[in-house]
Peer 1: 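The following block contains the structure, expressed as structure tokens.
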2 protein chains.
Amino acid sequence: MNVTIKDVAQRAHVAPSTVSRVIADNPRISKETKERVFKAMEEPGYYPNAIARSLASKMTYTIGLIMPRSAEDAFSNPFFPEVMRGISVVAHNEKYDLLISTSGNEEEEKQAVINMVKGRKVDGIVLLCSRTTDELIPWLREEKFPFTVIGKPLDSKGVCWVDNDNIGASRLATNYLIKHGHKEIAFISGSLEFVVSLDRLDGYKLALEENNIPFVKELVAQDEFSEDGGYNAMMRILKQKKPTAVVVTDDIMSFGVIRAAIDYGLRVPQDVSLIGFNNIPLSAYANPPLTTIDISTFELGVKSAELLLKILKNKDYMADHIIVPVKLIERKSCIKR
Amino acid sequence: MNVTIKDVAQRAHVAPSTVSRVIADNPRISKETKERVFKAMEEPGYYPNAIARSLASKMTYTIGLIMPRSAEDAFSNPFFPEVMRGISVVAHNEKYDLLISTSGNEEEEKQAVINMVKGRKVDGIVLLCSRTTDELIPWLREEKFPFTVIGKPLDSKGVCWVDNDNIGASRLATNYLIKHGHKEIAFISGSLEFVVSLDRLDGYKLALEENNIPFVKELVAQDEFSEDGGYNAMMRILKQKKPTAVVVTDDIMSFGVIRAAIDYGLRVPQDVSLIGFNNIPLSAYANPPLTTIDISTFELGVKSAELLLKILKNKDYMADHIIVPVKLIERKSCIKR
DNA sequence: TTGTATGCGTTATCAT
DNA sequence: ATGATAACGCATACAA
């Protein structure tokens, strides 16, 4: 079969345990034997079996990634790849691999996590998807399994999470519009099933309040995180009201909102100003280029991974959270009124 | 520690091997004991340790994914997430996990693969990146390790790969432009280091030849697979020639080409027609909506995974390849001349 | 149909 | 500093 630690041991005339120590770079081992062992590894092309290693050491050096339930959502919105990019950079630096398991529905997702956790396939998990109804978090907490969450969970007690200040970000966006003289400001977001949508709605309301602008529920709509979702939401609003500006909590949705406005005979930004969220690469090249809130997606990934690794290094690390800053990117989709 | 197969065996008053057989759903096992074992698994919450399982059975039920060298490229171009989506759907159906390992440079990439292969962490590998200079393919072939490649490798002898008919696709695109009355047709692609760029250039030339249009090398440019890359390539061409149409082998680059044209005072499609490649989600919402070649990115992922699984199921499966069809999506970026 | 024994390739705990 | 030897948790060939 393949060359094992025993073969190397024979070649080097030492015990397998010594070879193991050399691999682990154990300090108390003489230079001479270390050399000899390395030589004995070279020629036959020895490489440690990670599986056997994991079994014995109970360390896998791999991080589990739980994507949003539908692979559709997971990979079609640039948000997730960008988060993964952040995670993978950190993981790579620390010599961790990434194990990904997609799932179609809630039950499958649960199974995927159980499989990773109870199957001992990963050392820790990053949850890319925090729904308000998530039962994964309580389960992981109960299992005392190391994990971090991207997006503040509804019940964040005892869990480590990374997120933006979503209330603040939304308030920032809304205030920007208000300062540009807008008063009829619509708010379009994804499902309120997501904490992030809830928080951003709150930020929007907050900004209105601060400026004594009444909240009008006909100016608010939710829909899917997609171009079509944005289109439909905007259309629903336009049937009842005529906002002069709109806050859209996702750039992809913004594209749909723009299309809806145009279909409705409105020009952007002359008739409707628009501010998006996420600052995806293409929003800069939209027509008009999108003013948007950059939520530092990449950083979200980086921090979530760093936090997880910190936990792994110090098992009884206290529950903690990290707020990643946002930044308003001014482009051409908003004008003064 | 955690509950193991032995604990279950004791509870059910059977031998560990019997429990193992129940897990493996071995046919020759009585209904009664099977029931009893299942019961004994329930209460203490037994779950098989995948690592131990792998060590004993030499099967990991995970597929390794080798992304393009820079995580940058890997996740910023929608092509790769979409491919991953295809792969993950198939993997999920067959109860395989995905192990991802990103890498910064060629050396790291090699290490990542060695780590997966010699570390016995995966059963097979899908290469998402076939550079013409790739030394990974010969290595994997020599190791007799199961793998498939997305994109036809330069030396495809004895390797299983999945790709479009790139020559045909490019010829299709070019002919479309020619049929619309264009004769001054530019060709912008990524680096010729990629086989795909080479093939598409050939297809372009082929179409010109068929129509007795001379090949003009000033009308051809290569650059990075990015918006900026497209912009720069187009600018370089415009400084020498004034094409009435251009074939761009990547939608992201197309956005840059459009921007360059506009900066140069040209309207799209009135002054320059444009046909892209990949049909990424947002190309439909570009301005103008992009006419493009849909290369069935998702299918590319699906087929590569299916092919790999076929190999895994039948170790001495013959080298084979799969051509995934392309489709021309007509939108608004081309006009008759 | 079920049990026994051994191996999978390491790490880790004792020794020495 | 190094060597035996026992885990690690499961699969499997061989018995029964």
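The sequence lines fix the lettering, A, B, ..., with proteins before strands; numbering per chain opens at 1.
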Peer 1: Can you tell me the distance, in whole Å, between the CE atom of B:Met59 and the P atom of C:dG7?
Peer 2: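 Distance check: B:Met59 CE to C:dG7 P gives 23 Å.
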Peer 1: Under 4.0 Å from OP1 or OP2 of C:dG9: is there any side-chain N or O of B:Lys58 that close?
Peer 2: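 The answer is yes; a side-chain N or O of B:Lys58 sits under 4.0 Å from OP1 or OP2.
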Peer 1: Determine, stepwise, if the pair B:Thr33 / B:Ser30 fulfils side chain to side chain donor-acceptor pair (under 3.5 Å).
Peer 2: CA-CA 6 Å; B:Thr33 48; B:Ser30 76; 2.8 Å; yes
Peer 1: Nearest whole Å is fine: how far is C:dT2 P from B:Lys31 NZ?
Peer 2: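 To the nearest whole Å, that distance equals 11 Å.
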Peer 1: Can you measure B:Lys6 atom NZ to C:dA5 atom C1' for me and round it to whole angstrom units?
Peer 2: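 Interatomic distance, NZ of B:Lys6 to C1' of C:dA5: 12 Å.
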Peer 1: Using modelled atom types only, decide if a donor and an acceptor are shared between the side chain of A:Thr18 and the backbone of A:Val14 within a distance under 3.5 Å.
Peer 2: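 No, the answer is negative, given that no donor and acceptor are paired below the 3.5 Å cut-off.
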Peer 1: Using 0.5 Å steps for rounding, measure from the CG atom of A:Leu309 to the OH atom of A:Tyr96.
Peer 2: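 Rounded to the nearest 0.5 Å, the CG-OH separation comes out at 6.0 Å.
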Peer 1: Rounded to whole Å, please give me the gap between NZ in B:Lys118 and P in C:dG9.
Peer 2: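 Taking atom P of C:dG9 as the reference, NZ of B:Lys118 is at 13 Å.
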Peer 1: Rounded off to whole Å, could you give me the CD1-to-C1' distance for the B:Ile51 and D:dA11 pair?
Peer 2: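 These atoms are roughly 15 Å apart.
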Peer 1: From the list C:dT2, C:dT11, D:dT2, which nucleotide is the closest neighbour of the side chain of A:Arg53?
Peer 2: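 Of all the options, the side chain of A:Arg53 is nearest to C:dT11.
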Peer 1: Which part of the nucleic acid, if any, lies within contact of A:Ser54, taking any heavy atom under 4.0 Å across all strands shown: a base, the sugar-phosphate backbone alone, or nothing?
Peer 2: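 Counting heavy atoms under 4.0 Å across all strands, no contact is made by A:Ser54.
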Peer 1: Would you say A:Tyr47 places a side-chain N or O within less than 4.0 Å of OP1 or OP2 belonging to C:dT10?
Peer 2: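 Result: no.
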Peer 1: Provide, to the nearest angstrom, the distance between the CE atom belonging to A:Met41 and the P atom belonging to C:dT10.
Peer 2: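 Going from A:Met41 (CE) to C:dT10 (P), I get 11 Å.
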Peer 1: Is B:Glu42 salt-bridged to B:Arg11, cutoff N-O under 4.0 Å?
Peer 2: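 No, no charged N to carboxylate O under 4.0 Å.
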Peer 1: Rounding to an integer number of Å, can you tell me how far A:Leu55 CG sits from C:dA12 C1'?
Peer 2: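 The distance from CG of A:Leu55 to C1' of C:dA12 comes to 13 Å, rounded to the nearest Å.
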Peer 1: Among residues 15-25 of chain A, which contact DNA chain C at a heavy-atom distance under 4.0 Å?
Peer 2: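 Here the set is A:Ser17, A:Ser20, A:Arg21.
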Peer 1: With under 30° as parallel and over 60° as perpendicular, where do the rings of B:Phe225 and B:Phe194 fit, or are they tilted in between?
Peer 2: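 Plane angle over 60°, so perpendicular.
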Peer 1: Select one nucleotide: of D:dG9, C:dG9, C:dT2, the one nearest the side-chain heavy atoms of B:Thr4.
Peer 2: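 My answer, after comparing the listed nucleotides, is D:dG9.
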Peer 1: Decide, yes or no, whether a salt bridge links A:Glu82 with A:Arg85 under the criterion of side-chain N to carboxylate O below 4.0 Å.
Peer 2: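 The answer is yes: the pair qualifies as a salt bridge.
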Peer 1: Taking atom P of C:dC8 as reference, at what distance in whole Å does atom CG of A:Asp7 sit?
Peer 2: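 After rounding, the reported distance stands at 11 Å.
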Peer 1: Ignoring backbone atoms, establish whether A:Ser57 has a side-chain N or O less than 4.0 Å from OP1 or OP2 of C:dA12.
Peer 2: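 No, no such contact exists.
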Peer 1: Are A:Phe147 and A:Val126 side-chain neighbours, meaning at least one heavy-atom pair lies under 4.5 Å?
Peer 2: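 No - every pair of side-chain heavy atoms lies 4.5 Å or more apart.
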